[in-house]
Amino acid sequence: MKRDNINYLAVGCFVLAMAAALLYGLYRVTGQSGKGDAYVTHFANVAGIKVGSVVTYEGFDVGNVAGIEPVLSDGRTRYRVALNMRKSVRIPEDSRAMIAAPGLLSAPLVEIREGASPTALAVGGEIKGVSGGNLMESVAQLAGQLSELTETTIRPMLAQIGKRVDSLGGSMEKNLPPALEDLRATMARLNATAGR
């Protein structure tokens, strides 16, 4: 009996140690473990970005989004995005930050484009935020334009074609039986003539 209790205790300790290792691994993978240089940027729309989203500098992974908060500015809501740069990089003052998606199925991230200024931005400074191209927004806009085209052009054209086909069908229905009768009479005369 005592041996069974020791086995249960050993298995329980092993499970707890593995659970702790898993949680620590997840904490490290999410990229929120290391503190680094803090910067801020502002965006009008933060679609797809959340705390923990990746921050890249010219495509190189340098940190993550540390926080997002709405700020009222000039009567409009903008979003203050705090960036945590785990890797130290020199960011020129005229650099720009934008929300980008590197691939069709990848999560959006904050991309910092390097500027040409010889002066580096001080730690804690603001990187100017610009709106980037959003693939899903472009697809939605294209779908809206196709829907409008369907409603304003294609549907009326199909209705007009339907009316023409109906009128053609009515005309054929009215004129075709007499023409067929004439054709039958002509064939009968040809048969009679051929028989003579």
Side-chain angles (χ1 to χ4, degrees), residues 13-152:
C13 289
F14 177 76
V15 169
L16 287 175
M18 290 299 108
L22 176 67
L23 290 175
Y24 177 73
L26 289 173
Y27 184 70
R28 294 288 295 173
V29 167
T30 59
Q32 299 179 27
S33 59
K35 290 295 178 193
D37 298 337
Y39 293 91
V40 296
T41 186
H42 288 84
F43 294 114
N45 185 341
V46 288
I49 297 297
K50 59 185 180 293
V51 173
S53 292
V54 175
V55 175
T56 61
Y57 182 74
E58 291 294 328
F60 178 65
D61 186 355
V62 292
N64 62 337
V65 174
I68 301 172
E69 63 181 78
V71 177
L72 194 61
S73 172
D74 299 328
R76 298 201 62 195
T77 302
R78 293 188 52 83
Y79 297 90
R80 182 181 185 276
V81 179
L83 307 175
N84 176 34
M85 305 292 209
R86 291 185 316 276
K87 296 183 175 114
S88 185
V89 290
R90 182 189 168 283
I91 300 175
E93 281 183 330
D94 60 346
S95 296
R96 301 284 185 255
M98 68 175 62
I99 296 174
L104 186 60
L105 299 177
S106 59
L109 51 82
V110 177
E111 168 70 22
I112 300 172
R113 296 292 169 102
E114 183 176 28
S117 174
T119 309
L121 187 65
V123 173
E126 180 175 346
I127 303 169
K128 182 167 175 50
V130 295
S131 62
N134 185 340
L135 179 63
M136 289 305 168
E137 186 178 313
S138 299
V139 169
Q141 198 173 35
L142 178 63
Q145 289 173 349
L146 285 175
S147 175
E148 183 181 334
L149 179 68
T150 300
E151 290 297 321
T152 60

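This is a predicted model, so every value here is computed, not measured.
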Do the side chain of [X] and the main chain of [Y] share a donor and acceptor less than 3.5 angstrom apart?
X	Y	result
Tyr57	Arg90	yes
Asp94	Ala116	yes
Arg78	His42	yes

Check: When you look at CZ of Arg76, are more than 12 heavy atoms from neighbouring residues, nucleotides or ligands closer to it than 6.0 Å?
Finding: no
Item checked: More than 12 heavy atoms from other groups under 6.0 Å of CD on Glu151 ->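 Yes, because the 6.0 Å sphere around CD of Glu151 holds more than 12 heavy atoms from other groups.
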So, taking the atom named [atom1] in [X] and the one named [atom2] in [Y], what distance separates them when rounded to the nearest 0.5 Å?
X	Y	atom1	atom2	result
Leu109	Thr56	CG	OG1	5.0 Å
Phe43	Arg80	CZ	CZ	12.5 Å
Glu93	Leu121	CD	CG	6.5 Å
Ile91	Arg96	CD1	CZ	13.0 Å

Closest heavy-atom pair and its distance - [X], [Y]:
X	Y	result
Ala66	Val51	O-CG1, 3.8 Å
Glu111	Ala100	CB-CB, 4.2 Å
Gly48	Ser53	O-OG, 4.2 Å
Gly115	Ser95	N-OG, 3.1 Å
Leu83	Ile127	CD1-CD1, 4.2 Å

With heavy-atom distances below 4.5 Å as the criterion, would you say the side chains of [X] and [Y] are in contact?
X	Y	value
Pro92	Glu114	yes
Leu142	Gln145	yes
Val40	Val81	no

Item checked: From Ile49, Ile112, Thr41, Asp61, residue fulfilling side-chain contact (heavy atoms from CB on, under 4.5 Å) relative to Val55 -> Ile112
Next item on the list: Go through the steps for Glu69 and Tyr79 under the test side-chain contact (heavy atoms from CB on, under 4.5 Å), then give the verdict.
Entry: CA-CA 6 Å; Glu69 63 181 78; Tyr79 297 90; over 6 Å; no
Notebook entry, point to check: Are Glu126 and Lys128 ion-paired here, with the side-chain N under 4.0 Å from a carboxylate O?
Noted result: no
Checklist line | Stepwise side-chain contact (heavy atoms from CB on, under 4.5 Å) test for Arg86 and Asn84 | finding: CA-CA 6 Å; Arg86 291 185 316 276; Asn84 176 34; 4.0 Å; yes
Next item on the list: Decide side-chain contact (heavy atoms from CB on, under 4.5 Å) for Asp37 and Tyr39; before the verdict, give the C-alpha distance in whole Å, the side-chain angles of both, and the deciding distance to 0.1 Å.
Entry: CA-CA 7 Å; Asp37 298 337; Tyr39 293 91; 3.8 Å; yes
